[in-house]
Amino acid sequence: MVSLEINGERHEFDVPPEMPLLWAIRDLVGLTGTKFGCGVAECGCCTVHLDGEAVRSCATSVAQAAGKTVTTIDVAGSEGAHAAIVRRLQDAWVAEQVPQCGYCQSGQIMEAAALLAKSPHPSDEQIASTMAGNICRCGAYQRIHAAIVRASGRGARA
Amino acid sequence: MSEQTLRRETFLKIAGGAGLALGFGIPRTADAAVPETSVPAAVNAYVKIAPDNTVTIVVSKSEMGQGVATGLPMIVAEELEYPYERVRIEFAPAAPEYIDPVMHQQATNGSTTTPHMFEPMRRMGATARTMLAAAAAQRWGVDPATLVTKDGYISDPATGRRASYGTFASAAAALPVPANVTLKSFDAFTQIGQRKARKDIPLKVDGRAKYGMDVKVPGMVYASVQKPPVFGGKVVSYDASKALRVKGVKRVVQIASGVAVIADNTWSAMQGRYALHVVYDDGPNAGLSTEKIYADAAALARKPGAVAVDKGNVATALPAGAKRLDALYRGPYLAHAAMEPLNATAYVHDGVCEVWAPTQAQTASQATAAKVAGLPVDRVHVTTTYLGGGFGRKGEVDAVADAVEASKLVGAPVKVVYTREDDMQHDFYRSTNTAALSAALDPSGKIVAWSHRVVNASIFRRVFPNAIQNGVDRISVAGAAKLLYDIPNMRVEYVEHDVGIPVGFWRAPGANWNAFAVESFVDELAHAAGQDPYAFRRANIKDPRGLAALDAVAEKAGWGKPLPRGVHRGIAIAQWDDAIAAEVVEASFAGGVPQVHRIVIAADCGLVINPDVVEAQLQSAAIYGLSAALTGKITIERGRVVQNNFYDYTVLRQPAAPRFEIELMPSKEKPLGVGELSTPAVGPAFANAYFAATGKRLRELPFTDGVKSA
């Protein structure tokens with residue numbers, strides 16, 4: 001049995017320890033906001049937080065996640081500073097009208113949340129390099145960047 | 001006449017604004033004998049109004065990021081005189097009344113939603129508004145012409161009475177559909193043209209939006225399908241013993257496309273599938289390679305093709321010019337690589353087939369599911385989810401066929417999930433392309449003769465063979481046959497080069513390659529004429545809209561003004577349908593590494609419904625094209641795709657993303673599609689910037705290959 005804490009709730013799974021966290025979150029818990037994009041940690045769609053660090057859940061096994069705190073995009077209603085950052089980013093994402101197809105955006109927001117938790121006022125270069133692991137095939141990159149800037153309090157939409 | 005036929009006819013009558021009214025699809029709440037409930041009344045197939053005055057607009061097109069779930073409701077709301085902000089949306093099932101009136105099927109492709117649906121949606125809104133006013137007039141005993149409809153309320157200025165649309169929705173739904181309704185003039189629009197917030201965005205920032213990948217049906221199992229790696233190959237035999245030992249795997253079944261491993265979660269299905277041992281017959285394509293395809297195409301480019309355009313006399317004008325240029329361009333297969341890998345869920349049971357899919361093609365999904373399930377079409381229910389990108393790929397129904405067949409075999413709902421590798425190696429690709437171009441200039445630098453031979457695989461050959469006329473697939477020559485340039489002698493030929501690799505619609509099909517060849521070659525001509533590339537285009541374009549867009553982009557980009565050291569500009573202009581995009585790319589190539597800093601676009605797409613969405617689409621389509629121009633390449637070796645995933649099919653990422661500046665040309669013409677508009681010109685504008693920087697001409701894409709022969 002593997003025991004995981006996801007968004008403050010404890011879940012027990014009878015699965016092989018090498019099962020990626022992504023599929024436990026999606027298929028077993030049923031939280032589908034975390035997306036499958038590539039399966040090999042190349043696209044960032046599946047980004048979640050493990051003890052506050054952004055990780056690719058498709059390349060993190062449930063065994064690696066055991067004993068740590070898993071936070072997903074579905075945390076919106078939760079308490080705490082971390083959830084507050086996610087909510088601030090979500091508001092900025094709406095204000096900048098970022099998503100198109102939207103499929104990568106959970107991962108983009110979770111990656112950005114980990115960045116803002118560490119660097120509340122990141123530079124443009126920091127934003128670009130941190131977000132390099134998150135692909136958006138709709139090419140909403142300019143708005144993603146603008147939304148992170150907005151959420152960091154550095155200014156509104158150009 | 002079946003109910004469905006009836007509803008379809010009524011849609012056409014409203015959409016076309018002709019004929020007598022017919023009753024249709026009236027819900028029971030519309031019956032005067034039934035008391036009003038909270039159930040919304042369907043005033044027509046697209047407009048439902050609840051007693052609490054909530055309006056729901058049914059979206060008949062697939063939302064894949066391009067904004068149809070915002071644009072269509074805005075258009076309906078405008079004529080309905082109801083605030084868009086308060087509209088709710090729902091996606092239409094596959095049904096006759098949601099068939100696109102121009103393409104005669106329910107599908108979303110070719111950036112046609114707004115141009116095809118603008119008038120019909122206005123009529124749906126106006127018809128509903130007229131019927132609501134008629135119902136109010138009946139109840140109040142007044143002439144409907146004296147009533148005012150505004151912001152979701154009907155008022156009678158004579159008496160001061162005022163009531164919500166919801167008050168009359170049931171009564172209105174029971175009224176005859178008016179034969180004619182008055183539409184607002186463009187000048188009277190108060191919602192169309194505004195930067196309204198997208199309906200789907202709040203759902204897409206917190207994980208609530210449901211994509212095909214997220215479908216969960218009670219009792220559902222998951223499937224991963226091992227397909228023959230060589231196109232046209234077949235499964236000879238398979239050994240499932242190891243697969244069946246994987247925890248979570250329930251069954252292994254052979255289906256038409258391959259071997260499906262069925263499990264109780266996605267990962268187990270994939271693990272089981274990797275444990276299969278399959279023996280294939282590789283079939284006739286096992287010797288195919290990109291190298292051979294290119295070599296064959298180069299030979300074909302020297303032979304005449306089917307004539308797509310023949311104007312003046314190129315044979316005499318070409319040798320008679322003051323200067324003549326000839327060039328050969330080529331480009332690779334491209335995968336779509338939408339963020340959401342292909343998937344579909346189906347459940348065949350009790351004489352029906354239910355399908356849930358992120359599909360661009362409801363009619364085709366329904367027809368395919370019916371065929372595979374062995375059921376009549378009207379026993380197939382198709383639910384369209386949000387699409388995690390489409391780009392043409394999700395107009396194919398391969399995953400739907402897989403899911404239906406697997407469900408039929410296992411007797412449970414089945415979700416088929418492609419891995420990223422499946423998505424990349426079993427795509428319907430943008431074809432390889434080879435283009436032979438020749439042109440002649442007169443002494444002043446006017447293009448007097450133009451010859452363009454297009455060599456690629458035909459998409460229509462597979463999907464729409466009857467549309468190939470005189471040997472020409474018009475999609476294959478899109479962006480080549482119709483130019484903005486005013487050339488007296490012009491010949492465009494098409495050489496169909498089908499080799500067995502499946503090809504399909506890829507953002508701005510045809511034009512996504514042809515514009516690269518055309519606009520790079522025009523740049524070559526400008527330099528041969530000793531003219532500035534912008535001035536040369538100006539001198540050779542007559543079309544006033546084309547000229548205006550070209551001038552606008554040059555001005556906004558500061559064409560001719562100094563640039564930061566190491567930064568160079570390229571310009572290009574292209575069309576998608578009748579829409580025009582002129583683009584300037586600013587790039588540097590320090591150490592041979594391209595970095596695009598800024599892209600300026602001037603677009604004429606007719607009337608703009610929502611500028612914020614249009615700007616997003618122009619950025620999106622340009623990034624998509626730029627990504628392909630920089631590194632996009634699918635290689636065929638031994639009849640199979642070499643690339644696997646985003647590590648070897650690389651796409652543009654945040655650090656490489658340029659800054660955009662966009663100018664939307666003011667227009668009172670009907671709206672045109674924008675979802676693909678900026679894809680064609682971005683590649684050549686980038687390549688022309690490379691020439692400006694280095695004096696080297698990219699005649700092959702992607703850049704990483706083109707530089708080797710430049």
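Every heavy atom of this structure was used, including side-chain atoms; hydrogens, water molecules and symmetry mates were not. Not measured: the values here are computed from a predicted model. Chain letters run A, B, ... following the sequence lines, proteins first, then strands; residues in each count from 1.
- Chosen from A:S129, A:G33, A:A128, A:G30, the residue pairing most often with chain B at heavy-atom distances under 4.5 Å is A:A128.
- When heavy atoms are compared at a cutoff of 4.5 Å, B:D264 does not approach chain A at all.
- Contacts with chain B were tallied for A:L89, A:I127, A:V40; A:V40 has the most, counting heavy-atom pairs under 4.5 Å.
- Of the possible polar contacts, one joining the A:Q90 side chain to the B:V205 backbone as a donor-acceptor pair under 3.5 Å is found.
- The shortest distance between side-chain heavy atoms of B:W267 and A:D27 does not fall below 4.5 Å.
- Only the side chain of B:S627 comes within less than 4.5 Å of a heavy atom of chain A; its backbone N, CA, C and O stay farther away.
- Only the backbone of B:A209 comes within contact range of chain A, judged by heavy atoms closer than 4.5 Å.
- For A:E9, the CD atom counts as loosely surrounded, since its 6.0 Å shell holds 12 or fewer non-hydrogen atoms of other residues, nucleotides or ligands.
- Under the 4.5 Å side-chain criterion, counting only non-hydrogen atoms from C-beta, A:Q100 is not in contact with B:Q66.
- Of all heavy-atom pairs spanning B:M339 and A:Y103, the tightest one is O-CE2, 3.3 Å.
- Rounding to the nearest 0.5 Å gives a distance of 8.0 Å between NZ of A:K35 and CD of B:E340.
- Residues B:T266 and A:F36 form no side-chain contact, since every pair of their non-hydrogen atoms from C-beta on lies 4.5 Å or further apart.
- At a threshold of 4.0 Å, the pair A:R87-B:D206 does not count as salt-bridged, since none of the basic side-chain nitrogens sits closer than that to a carboxylate oxygen.
- Only the side chain of B:M270 comes within less than 4.5 Å of a heavy atom in chain A; its backbone stays farther off.
- Atom-to-atom distance recorded for B:K204:NZ and A:C104:SG is 10.5 Å, nearest 0.5 angstrom.
- Contact of B:E421 with chain A is made through the side chain alone, with heavy-atom distances under 4.5 Å.
- Residues B:E615 and A:R143 have side chains in contact (heavy-atom distance under 4.5 Å, counting atoms from C-beta outward).
- A:T32 places none of its side-chain heavy atoms less than 4.5 Å from the side chain of B:K216.
- Counting heavy-atom pairs closer than 4.5 Å to chain A, the top residue among B:R659, B:Q619, B:Q654, B:R420 is B:Q654.
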What's the verdict on salt bridge (Lys or Arg N to Asp or Glu O under 4.0 Å) for A:D74 and B:R208, showing C-alpha distance, side-chain angles and the deciding distance?
CA-CA 8 Å; A:D74 315 86; B:R208 278 180 296 156; over 6 Å; no
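- Two residues are said to be in side-chain contact when any heavy atoms from C-beta on lie closer than 4.5 Å; A:R26 and B:M213 meet this criterion.
- Counting heavy atoms of neighbouring residues, nucleotides and ligands inside a 6.0 Å radius, atom NZ of B:K210 exceeds 12 of them.
- Listed options B:A616, B:A657, B:G390, B:G67 were ranked by heavy-atom pairs under 4.5 angstrom with chain A; first place goes to B:A616.
- The candidate with the highest count of non-hydrogen atom pairs below 4.5 Å against chain B, out of A:C45, A:P16, A:G39, is A:P16.
- Residue contact with chain A, scored on non-hydrogen atoms closer than 4.5 Å, involves the side chain of B:V417 exclusively.
- Per-residue counts of heavy-atom pairs under 4.5 Å with chain A were compared for B:L203, B:N644, B:I201; the largest is that of B:I201.
- Listed options B:G207, B:G388, B:S620 were ranked by heavy-atom pairs under 4.5 angstrom with chain A; first place goes to B:S620.
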Identify all side-chain donor-acceptor contacts of residues 135-142 of chain A below 3.5 Å with residues at least two apart in sequence or on another chain.
unit_1 : atom_1 : unit_2 : atom_2 : d
A:R137 : NE     : B:A337 : O      : 3.0
A:R137 : NH2    : B:H336 : O      : 2.8
A:Y141 : OH     : A:C136 : N      : 3.0
A:Y141 : OH     : A:C136 : O      : 3.4
A:Y141 : OH     : B:L652 : O      : 2.5
A:Q142 : OE1    : B:F660 : N      : 2.6

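- Annotation: the span from B:R653 atom CZ to A:C43 atom SG amounts to 8.0 Å, rounded to 0.5 Å.
- Inter-residue side-chain proximity for B:V613 and A:Q97 is flagged as unmet; no heavy-atom pair is nearer than 4.5 Å.
- Between the side chain of B:N645 and the backbone N or O of A:C38, at least one donor-acceptor pair lies under 3.5 Å.
- Looking at A:N134, only its backbone comes within 4.5 Å of chain B, counting heavy atoms on both sides.
- In this structure, the separation between CE on B:M64 and SG on A:C101 is 10.5 Å, given to the nearest 0.5 Å.
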